[in-house]
Amino acid sequence: MHTTYSWSVSITPNKQSISVPVGNNMGWAQVQYTVSYGRTRNQQLTYVLTGSITVQETAGQIRLLQDPVVTVNPPSRPPLTLNSSAVTCPSLTLPANGVLSCNISAAYTGAQPMPGTLTASISTADGSSTATAAAVPYNFAGADSVDVGQTASVTNWFEQGSNVIQPYGVSGTQPPPGLVLEEGRDFTFTAYFGNVPATQCGQQQWQALMSASVTPSLDGLAQAAAGTAAAQKVVASVPITLVNCGTGGSTTDFTDTSSSGGSSSGSPAAAPAPAVPPAAPLELLP
């Protein structure tokens, strides 16, 4: 059984746009950024039933097989056949006198399931032969507890690009490279924009572009569910207007001419989906 955590990230600049003077030592504009990383503990636990199916060919013939049929038999409820996506086989061709193993991984989020059994069968492609395994018991009461997404790697950076102006200096605290968080945290820092060459005047609309990302940990996560814990990235853009262009950046001194407000955008964080220790292998014989 697994406790899962969801992570979020946002960037909030304190200005909607800034005016930056061109030329060296002609002043600057500044933007204060707040990068917020949040962590939420999901209230429900996730249970993952994992195991394997093994079938052996003993007649010395190559067999083409159908997809295995795996059925969960909970107490006091009708049997439940797992979706084909929950059972993965490397091939459906069984070599003569060979062995084929398929993996099972089925996740459930909610109240702890009662003990039950798991059954499986596999048939030849033409339906002429079917092998059925004896029922295997499962019981989540003894399952290991794993925290999935309890920590996350975070980072933030200023983008580069043909229409992007990067700051010439930053004060305050940015997330250092390789930082791993165990709880939510805010970072606040100020970026300074200036010393822009006069050759950039009149070319295009400029912007300051900052990105931030959060990647939840995948500890204990089943391979089949790993895709649900992908990194989340958000981007905040602050438009920049270059001023003092008509003078070639040589006469007028500006200091922090800008307007307030700002926002960031991005996709919501994915809740990881986890896994538990595998059940006993199922031995199928024709």
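Residue numbers start at 1 and run along the sequence shown.
By the neighbour-count criterion of 12 heavy atoms within 6.0 Å, atom CD1 of Ile62 is sparsely surrounded, having that number or fewer from other residues, nucleotides or ligands. Residue-environment remark: CD (Glu159) exceeds the threshold of 12 foreign heavy atoms within 6.0 Å.
In the model, Ser101 has a side-chain atom that pairs as donor or acceptor with a side-chain atom of Thr54 under 3.5 Å. A donor-acceptor pair shorter than 3.5 Å can be found between the side chains of Ser128 and Asp126. Between the side chains of Asp186 and Ser36, at least one donor N or O sits under 3.5 Å from an acceptor N or O. Side chains of Gln207 and Ser237: a donor-acceptor N/O pair is present below 3.5 angstrom, by distance only. For the residue pair Gln30 / Thr190, no side-chain donor-acceptor distance below 3.5 Å is found, with atom types taken as modelled.
In terms of heavy-atom proximity, Thr132 sits nearest to Ser121 at OG1-CB, 3.7 Å. Pairing each heavy atom of Gln232 with each of Ser8, the nearest pair is OE1-CA, 3.5 Å. Nearest approach of Thr81 to Thr71, heavy atoms of both residues: OG1-OG1, 3.7 Å. The shortest non-hydrogen separation linking Gln112 to Tyr47 is CB-OH, 3.2 Å. Considering every non-hydrogen atom in both Phe193 and Ile165, the closest pair reads CE2-O, 3.5 Å. The two residues Met26 and Asn244 come nearest to each other via the heavy atoms CE-ND2, 3.9 Å.
When side chains are defined from C-beta on, Tyr138 counts as touching Pro74, because their heavy atoms get closer than 4.5 Å. Using a 4.5 Å heavy-atom threshold, the side chains of Ile104 and Leu49 count as separate. Leu92 is listed as a side-chain neighbour of Asp67, based on a closest heavy-atom distance under 4.5 Å. Proximity of Leu242 to Trp206: side-chain heavy atoms (C-beta onward) are separated by under 4.5 Å at one or more points. Taking the side chain as every heavy atom from C-beta outward, Pro95 and Glu57 never approach each other to under 4.5 Å. No side-chain heavy atom of Glu182 sits under 4.5 Å from any side-chain heavy atom of Gln150. Contact of the Thr241 side chain with the Ile18 side chain is not registered, since no non-hydrogen atoms from C-beta on lie closer than 4.5 Å. Looking only at side-chain heavy atoms (C-beta outward), Gln174 and Phe158 come within less than 4.5 Å of each other.
Annotation: the span from Ser19 atom OG to Ile240 atom CD1 amounts to 9.5 Å, rounded to 0.5 Å. Rounding to the nearest 0.5 Å gives a distance of 12.0 Å between OG1 of Thr117 and CG of Asn139. To the nearest 0.5 angstrom, Thr93 atom OG1 is 7.5 Å from Leu65 atom CG. Here the OG atom belonging to Ser217 is positioned 11.5 Å from the CG atom belonging to Leu181, to the nearest 0.5 angstrom. Here Ser123 contributes atom OG and Arg63 contributes atom CZ; the two are 11.5 Å apart, rounded to the nearest 0.5 Å. Between the OH atom in Tyr33 and the OG1 atom in Thr12 there is a gap of 11.0 Å [rounded to 0.5 Å].
At a threshold of 4.5 Å between side-chain heavy atoms, the hydrophobic network of Ile, Leu, Val, Met, Phe, Trp and Tyr places Val164 and Val235 in one connected group. No path of Ile, Leu, Val, Met, Phe, Trp and Tyr side chains, each step under 4.5 Å between heavy atoms, connects Leu94 with Val69, placing them in separate hydrophobic clusters.
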message: Run Lys233 and Ser211 through side-chain contact (heavy atoms from CB on, under 4.5 Å) and show every step you take.
response: CA-CA 7 Å; Lys233 176 183 174 181; Ser211 297; 3.5 Å; yes
- request: Go through Thr173 and Thr188 one step at a time and tell me if the side-chain contact (heavy atoms from CB on, under 4.5 Å) criterion holds.
  value: CA-CA 6 Å; Thr173 303; Thr188 300; over 6 Å; no
From CA spacing to verdict: side-chain contact (heavy atoms from CB on, under 4.5 Å), Asn156, Tyr37: CA-CA 11 Å; Asn156 110 276; Tyr37 296 96; 4.0 Å; yes
message: Run the side-chain contact (heavy atoms from CB on, under 4.5 Å) test on Tyr108 and Val48 for me, step by step, so that the C-alpha distance in whole Å, both residues' side-chain angles and the decisive distance to 0.1 Å come before the verdict.
response: CA-CA 6 Å; Tyr108 164 78; Val48 180; over 6 Å; no
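A donor-acceptor pair is defined here as one N or O able to donate and one able to accept, closer than 3.5 Å; such a pair exists between the side chain of Trp7 and the backbone of Gly149. Judged by distance alone, with hydrogens and angles left aside, the side-chain atoms of Asn73 form no donor-acceptor pair with the main-chain N or O of Gly116 at under 3.5 Å.
Aromatic ring orientation, Tyr168 versus Tyr192: tilted (interplanar angle from 30° to 60°).
With respect to Arg39 and Glu183, no salt bridge is recorded, no charged nitrogen being found less than 4.0 Å from a carboxylate O.
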